2 protein chains.
Amino acid sequence: MLMPRKPAYDRDALIAKARDIFWRQGWAGTSLKDLERELKLKPGSFYAAFGSKDALYALTLESYANEGVARIKALAEKLGPKEALKAQPRLVIEAVENPTKACMLAKTFAELQAKDHDLADQAARHMTEMKACFAELFRSAQETGEIRADHDPDRLAARYQSDILGLRLSAERKDVDALEIAADIASDIDRL
Amino acid sequence: MLMPRKPAYDRDALIAKARDIFWRQGWAGTSLKDLERELKLKPGSFYAAFGSKDALYALTLESYANEGVARIKALAEKLGPKEALKAQPRLVIEAVENPTKACMLAKTFAELQAKDHDLADQAARHMTEMKACFAELFRSAQETGEIRADHDPDRLAARYQSDILGLRLSAERKDVDALEIAADIASDIDRL
DNA sequence: TATATACTTGAGTGATCGCTCAAGAAACCC
DNA sequence: GGGTTTCTTGAGCGATCACTCAAGTATATA
């Protein structure tokens, strides 16, 4: 007895579009008007589809984090763990398809942590996830002997992630040559 | 013929107080209500004293940057350039008087750059200023022979500042041992 | 003490915020 | 095509935004 009607939009495409807007403009910096205009959705459709601005933001964080993990894992598959870690800094600041260089998780965390917003926790969890991913790469690079075994892979991962966050923020600046920094981060890995 | 009346508040103290609020909560995250409550100023007095929210924010950025430059220069005076650069990472994440660990200039820049807001430019200029300050320390450490002369001090400064930005953001996370990262940044300087 | 001047107060401005909902349009099964 | 259900539309909700201003108060000089 069901007689439905399909939505006129592609939900995943809308989430990807919203991700780019939130990524660039932040949480408070993006209004419902912005989203309605860019997603071509009237308020009613928007709320029927996503429930709330925060709920959509959560979906975009999820999407962002999943793609990030997938990208680094694919890179490791292709280049091996050490070379993937070395290549990542340069790739991440050269990705022209990104709406901005800085990390969306870091931006979200920095903006909303003081408010104890749920989205800050969620961003933090995704960053922990990424850090674990980096640690695994350091660990397997140690197993293959590419990196000396007397380093703590978790510590290496924390430092590496911190460097990447700084790099990606620096890459937004006009007075900084982010490629030099990326190269220096990569060459640090050779010294391990 | 002038018959004035002094304000009941200490303007510099108010700016310092506002700085801490903006630093923690960001630009969009701080409402006039927040400021009026914390500064104990009614709207009329607020606008008579500072003109606008943005004008006050600009004053707080100025205050923040001036104190930052003064602190690093005092540290260099006391410890010498190399030891100052090595000490700074730890000191900056251990400063308990700060409302938050992350750098206010970086947070401002990240939040407002996409909007082409004047405050983003101003924050960027202050970061450039800080970078030049770091470069000068690297340069003088090279002159004393503490750091090898075959490094580009401007490049070292850009990398160092990028590392500090990442460190300070990392220091806000519960799952990261920022002291370890600070120690690793310091030991990197010994290898130069 | 009288008066001029600056500061303080708080109600209130129009604009925008995230969001709701009733009504109309469109697509499905029978 | 008829009937049912979902999707789409857009006016409009109360709350909050940054900000204004006229009236009241306090403090200086004369």
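This is a predicted model, so every value here is computed, not measured. Every heavy atom of this structure was used, including side-chain atoms; hydrogens, water molecules and symmetry mates were not. Residue numbers begin at 1 in each chain, while the letters A, B, ... track the order of the sequences.
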So A:Lys42, base contact, sugar-phosphate only, or nothing? Heavy-atom distance under 4.0 Å.
base
Distance flag, aromatic centroids of B:Tyr64 and B:Phe22, threshold under 6.0 Å:
no
Would you say the side chain of A:Gln161 lies within less than 4.5 Å of the side chain of A:Met127, judging by non-hydrogen atoms?
yes
Please list every stem that involves DNA chain D, where a stem is a run of 3 or more consecutive Watson-Crick or G-U wobble pairs with both pairing distances under 3.5 Å.
C:1-30 with D:1-30
Mind checking A:Ser45 for me? I need base, sugar-phosphate or nothing, with any heavy atom below 4.0 Å counting as a touch.
base
Tell me which of A:Gly44 and A:Ala28 sits closer to the 5' end of DNA chain C, going by the nucleotide each one is nearest to.
A:Ala28
Nucleotide of D:dC17, D:dA18, C:dC19 approaching A:Lys53 most closely (side-chain heavy atoms):
C:dC19
Is the shortest side-chain heavy-atom distance between A:Ile181 and B:Tyr160 below 4.5 Å?
no
Between P of C:dC21 and CG of A:Leu32, the distance in whole Å:
15 Å
Would you check if B:Trp27 and B:Lys107 make a side-chain contact, meaning some heavy-atom pair closer than 4.5 Å?
no
In whole Å, I'd like the distance from the CG atom of B:Leu41 to the C1' atom of D:dC19.
14 Å
In whole angstroms, the gap separating C1' of C:dC19 from CG of A:Leu39 amounts to 16 Å
Return whichever of A:Asp54 or B:Ala48 has its heavy-atom-nearest nucleotide of DNA chain C closer to the 5' end.
B:Ala48
Round to the nearest Å and state the distance from A:Asp34 atom CG to C:dC17 atom P.
7 Å
B:Asp121 and B:Arg125 ion-paired at < 4.0 Å
no
Which whole-number value in Å describes the distance from A:Tyr47 OH to D:dT9 C1'?
15 Å
Output yes when A:Asp190 and A:Lys82 qualify as a salt bridge under the 4.0 Å nitrogen-oxygen rule, no when they do not.
yes
Gap between atoms NZ and C1', on B:Lys115 and C:dT16 respectively (whole Å)
13 Å
Per atom distances to the A:Lys33 side chain, the nearest of C:dT20, C:dC17, C:dG10 is C:dC17
Take atom CZ of B:Arg11 and atom C1' of C:dA6, then tell me their distance rounded to the nearest Å.
15 Å
Near B:Glu136 CD, under 6.0 Å, is it more than 12 heavy atoms from other residues, nucleotides or ligands?
no
Once you round it to whole Å, what is the distance between P of C:dC7 and CZ of B:Phe50?
12 Å
